[in-house]
S.K.: 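Before I ask anything, here is the structure I am working with.
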Amino acid sequence: MKIFKILAVSAMALGLTSCVSKKQYDALSSNYKQCIENIGERQREIQDLKSQNSALSGENNLLKSQHDALKSSLDACLSNTGKSSANIDKLVGEINASNSYIKQLISNNAKNDSLNMALSNKLKRSLDNVADDDVQVKVLKGVVMISLSDKMLYKTGDYNIQPTAQEVLGKVAKVINDYDKYSVLIEGNTDNAPLNSPNLPRDNWDLSALRGTAIAKVLQTQFGVDPARITAGGRSEYNPKATNMSVSGRADNRRTEIIIMPKLDEFMKLMDIAPKK
């Protein structure tokens with residue numbers, strides 16, 4: 001309102017230019033122009049405020065829509081409180097059962113790991129005077145593995161055990177007998193060099209299996225290992241330890257492995273503690 005009054009006064013002043021001095025006229029003219037500019041700025045501000053008001057109105061409507069949706073969901077949840085509580089109780093029970101199983105599993109694994117480490121250390125002490133290239137002892141995935149090179153055990157292409165291997169097998173047998181709750185798996189392995197013969201061994205399958213059973217028989221008959229604990233077999237050339245493209249790789253692959261591990265029924269007992277579904 002004040003702006004319009006100023007404009008009116010300015011207009012009157014312009015109409016009375018003949019009644020005022022040049023200095024007064026210039027001042028009134030400058031004032032009039034300033035008022036015109038102010039009106040333009042105020043109109044732009046009004047337009048901006050209208051745009052902001054329109055955007056805020058849209059946001060307000062969106063928030064109202066979201067509020068209504070959330071209220072509807074809350075009402076549905078409250079109406080199903082009893083059913084949800086039952087499901088939560090069931091879930092908590094399953095979690096508790098799983099936690100109990102996990103604790104038992106960890107306990108059993110820790111026990112087996114300790115036994116395997118003690119067994120491994122005892123074997124290494126027993127075999128400390130045997131060349132590392134001929135005998136290797138390690139713990140892998142919870143079992144103790146003894147790898148014996150074929151050059152120490154057999155002649156080329158043969159499965160009869162050499163007398164020089166008796167000392168090593170005797171030391172291994174002593175440790176096996178000390179840990180009488182463990183099972184013993186004996187595996188023969190060959191390289192991929194073909195073996196074709198009309199007599200035994202006819203091929204690498206025969207050779208690997210006969211070498212495995214030869215070790216089993218020596219452990220049983222000469223060193224008193226209970227045969228009920230032993231499983232023997234061969235894996236031919238299909239379980240290579242190294243590449244067959246080199247002489248040293250083929251030598252690594254020609255081996256017999258004695259694997260000492262907890263008996264199967266121990267694992268079955270562990271399975272029985274799993275939470276019921």
S.K.: Does one side chain, of S208 or Y159, offer a donor that lies under 3.5 Å from an acceptor on the other?
M.R.: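 Not at all, the side chains of S208 and Y159 share no donor-acceptor pair under 3.5 Å.
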S.K.: Which residue pairs pass the ring pair (Phe, Tyr, Trp, His ring centres under 6.0 Å) test when at least one of the two sits in residues 232-259, sequence neighbours left out?
M.R.: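 Only W205-Y238 qualify under ring pair (Phe, Tyr, Trp, His ring centres under 6.0 Å).
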S.K.: Distance-only, no hydrogens or angles: does the N177 side chain make a donor-acceptor pair with backbone N or O of A173 under 3.5 Å?
M.R.: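 It does hold such a pair.
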S.K.: Could you check whether R254 pairs with D191 (Lys NZ or Arg NE/NH1/NH2 to Asp/Glu carboxylate O, under 4.0 Å)?
M.R.: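 Yes, charged N to carboxylate O under 4.0 Å.
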S.K.: Treating R211 as the side-chain partner and D158 as the backbone partner, does any N or O pair qualify as donor plus acceptor under 3.5 Å?
M.R.: yes
S.K.: Taking NZ in K217 as the centre, count heavy atoms belonging to other residues, nucleotides or ligands within less than 6.0 Å. Is the count above 12?
M.R.: no
S.K.: Starting from the C-alpha separation in whole Å, work towards a yes-or-no answer on side-chain hydrogen bond (donor to acceptor under 3.5 Å, both in side chains) for N253 and N244.
M.R.: CA-CA 8 Å; N253 292 335; N244 280 304; 2.9 Å; yes
S.K.: Might you work through the side-chain hydrogen bond (donor to acceptor under 3.5 Å, both in side chains) test for Q162 and K151, ending with a clear yes or no?
M.R.: CA-CA 9 Å; Q162 299 188 90; K151 68 178 181 179; over 6 Å; no
S.K.: How many angstroms lie between atom CE of M152 and atom OG1 of T256, to the nearest 0.5 angstrom?
M.R.: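 Reported to 0.5 Å precision, the distance equals 8.5 Å.
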S.K.: Go through the structure and list residues passing salt bridge (Lys or Arg N to Asp or Glu O under 4.0 Å) with D178, not counting sequence neighbours.
M.R.: K122, K174
S.K.: Which heavy atom of N204 sits nearest to which heavy atom of A193, and what is that distance?
M.R.: ND2-O, 3.0 Å
S.K.: Identify whether L207 and L148 are in the same connected component of the hydrophobic contact network (ILVMFWY, side-chain heavy atoms under 4.5 Å).
M.R.: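 No, L207 does not connect to L148 through the hydrophobic network.
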S.K.: Would you say T213's side chain and A232's backbone share a donor-acceptor pair under 3.5 angstrom?
M.R.: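 Checking the backbone N and O of A232 against the side chain of T213, no donor-acceptor pair under 3.5 Å is found.
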S.K.: Measure the spacing between CD of E237 and CG of N189 and express it to the nearest 0.5 Å.
M.R.: 11.0 Å
S.K.: Would you give the length of the straight line joining atom CD of E257 to atom CE of M145, rounded to the nearest 0.5 angstrom?
M.R.: 4.0 Å
S.K.: For K171 and Q166, does a side-chain donor sit closer than 3.5 Å to a side-chain acceptor?
M.R.: no
S.K.: Could you tell me whether the side chain of N239 and the main chain of R235 form a donor-acceptor pair under 3.5 Å?
M.R.: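 Looks like no, no N/O pair under 3.5 Å.
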S.K.: Quick check on side-chain contact (heavy atoms from CB on, under 4.5 Å): which of T231, I260, I258 does L185 satisfy it with?
M.R.: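 Exactly one option meets the side-chain contact (heavy atoms from CB on, under 4.5 Å) with L185, and it is T231.
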S.K.: How far does CD of Q34 sit from CD1 of I39, to the nearest 0.5 angstrom?
M.R.: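 Here the interatomic distance stands at 11.0 Å.
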S.K.: Without swapping roles, check the side chain of R229 against the backbone of Y182 for a donor-acceptor pair under 3.5 Å.
M.R.: yes
